[in-house]
Amino acid sequence: MGVDEAGAIFLGPGEGHAVANPVGGPLTFKVSGEQTGGALAAFESVAAPGEGPPLHRHENEDEIWYALDGSFRVRLGDEVRDAPAGTFVFIPRQAVHTWQNVGPDPARLLVIVAPAGFERFFERFAGVPADASPVAEFRRLGAEVGMTVLGPPLSESHPFS
């Protein structure tokens with residue numbers, strides 16, 4: 001990792017602090033709120049086939065979501081749309097949303113949240129015991145950082161065919 005005297009950060013592919021991801025793959029922090037003075041946090045997420053978070057909203061953060069590799073679906077409010085690699089989504093705070101990897105292989109996305117703080121959710125989720133209920137833990141830990149779970153993942157609410 002490269003950080004210059006002005007605080008600029010340069011990370012090559014695969015660099016960053018990785019933790020276990022609630023959606024079945026690694027989650028790699030590219031920049032944290034600590035490094036940006038709380039302005040934003042960014043991470044690369046790998047999602048297993050069929051996986052995605054429960055329907056939720058963030059009380060405090062705007063979210064930028066960018067599909068790097070694979071095929072996703074994104075739900076914004078009541079609308080579900082295809083989101084292939086290259087799709088960009090801006091999700092303002094309070095917007096109801098979720099997504100799902102609908103491809104046969106792991107898929108990657110880049111997420112930026114502003115202001116920072118939401119990254120604590122992933123740090124805490126990485127420590128959840130394997131036998132715990134993922135949705136219950138998502139709900140509990142999310143509440144601690146201003147995220148409200150509003151419904152099931154897309155795999156349950158809108159099964160992919």
Side-chain angles (χ1 to χ4, degrees), residues 1 9-32 40-58 61-114 118-143 145 147-161:
M1 172 173 77
I9 296 171
F10 178 92
L11 296 177
E15 292 184 330
H17 172 66
V19 297
N21 190 339
V23 294
L27 182 138
T28 305
F29 293 105
K30 296 300 186 177
V31 68
S32 69
L40 61 89
F43 54 89
E44 180 181 321
S45 178
V46 176
E51 292 296 320
L55 186 67
H56 63 281
R57 74 169 175 246
H58 303 277
E61 299 88 15
D62 295 326
E63 181 176 337
I64 294 170
W65 188 100
Y66 187 81
L68 297 168
D69 293 314
S71 286
F72 295 91
R73 295 187 302 162
V74 173
R75 179 176 173 185
L76 298 169
D78 292 328
E79 184 178 0
V80 178
R81 298 182 66 174
D82 291 335
T87 299
F88 171 91
V89 183
F90 172 70
I91 306 163
R93 64 193 74 190
Q94 301 292 325
V96 176
H97 66 285
T98 190
W99 54 266
Q100 178 188 23
N101 172 4
V102 294
D105 299 309
R108 291 184 319 125
L109 61 135
L110 176 68
V111 177
I112 301 169
V113 291
F118 182 67
E119 66 270 28
R120 294 186 319 265
F121 167 81
F122 296 104
E123 294 164 349
R124 292 176 183 154
F125 201 98
V128 169
D131 62 346
S133 164
V135 173
E137 290 300 306
F138 200 96
R139 183 181 308 276
R140 180 181 71 81
L141 294 171
V145 295
M147 179 177 63
T148 305
V149 173
L150 301 167
L154 274 175
S155 61
E156 294 176 29
S157 67
H158 295 75
F160 186 70
S161 47

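Sequence positions, counted from 1, serve as the residue numbers for this chain.
- The aromatic rings of Trp99 and Trp65 sit tilted, their planes meeting at an angle between 30° and 60°.
- For the pair Arg108 (side chain) and Leu68 (backbone), a donor-acceptor distance under 3.5 Å is absent.
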Worksheet entry | Candidate pair Val74 and Thr87, rule side-chain contact (heavy atoms from CB on, under 4.5 Å), full reasoning | CA-CA 10 Å; Val74 173; Thr87 299; 5.7 Å; no
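- Electrostatic pairing of Glu123 and Arg120 does not count as a salt bridge here, judged by no charged N lying under 4.0 Å from a carboxylate O.
- Using a 3.5 Å distance cut-off with no hydrogens or angles, the side chains of Gln100 and His158 do not pair a donor with an acceptor.
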Practice prompt. Evaluate the criterion side-chain contact (heavy atoms from CB on, under 4.5 Å) for residue pair Arg75 and Leu55; output intermediate values, then yes/no.
Written response: CA-CA 8 Å; Arg75 179 176 173 185; Leu55 186 67; 3.7 Å; yes
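- Looking only at side-chain heavy atoms (C-beta outward), Glu63 and Val113 come within less than 4.5 Å of each other.
- With Asp82 contributing its side chain and Arg73 its backbone, the two residues share no donor-acceptor pair below 3.5 Å.
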Practice prompt. Could you please spell out the steps behind the side-chain contact (heavy atoms from CB on, under 4.5 Å) verdict for Leu150 and His56?
Written response: CA-CA 5 Å; Leu150 301 167; His56 63 281; 5.6 Å; no
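- Formation of a donor-acceptor pair under 3.5 Å by the Lys30 side chain with backbone atoms of Glu15 is found in this model.
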Fill in: Full working for side-chain contact (heavy atoms from CB on, under 4.5 Å) between Val145 and Arg124
CA-CA 10 Å; Val145 295; Arg124 292 176 183 154; 3.9 Å; yes
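- Judged by distance alone, the side chain of Thr98 and the main-chain N or O of Pro53 form a donor-acceptor pair under 3.5 Å.
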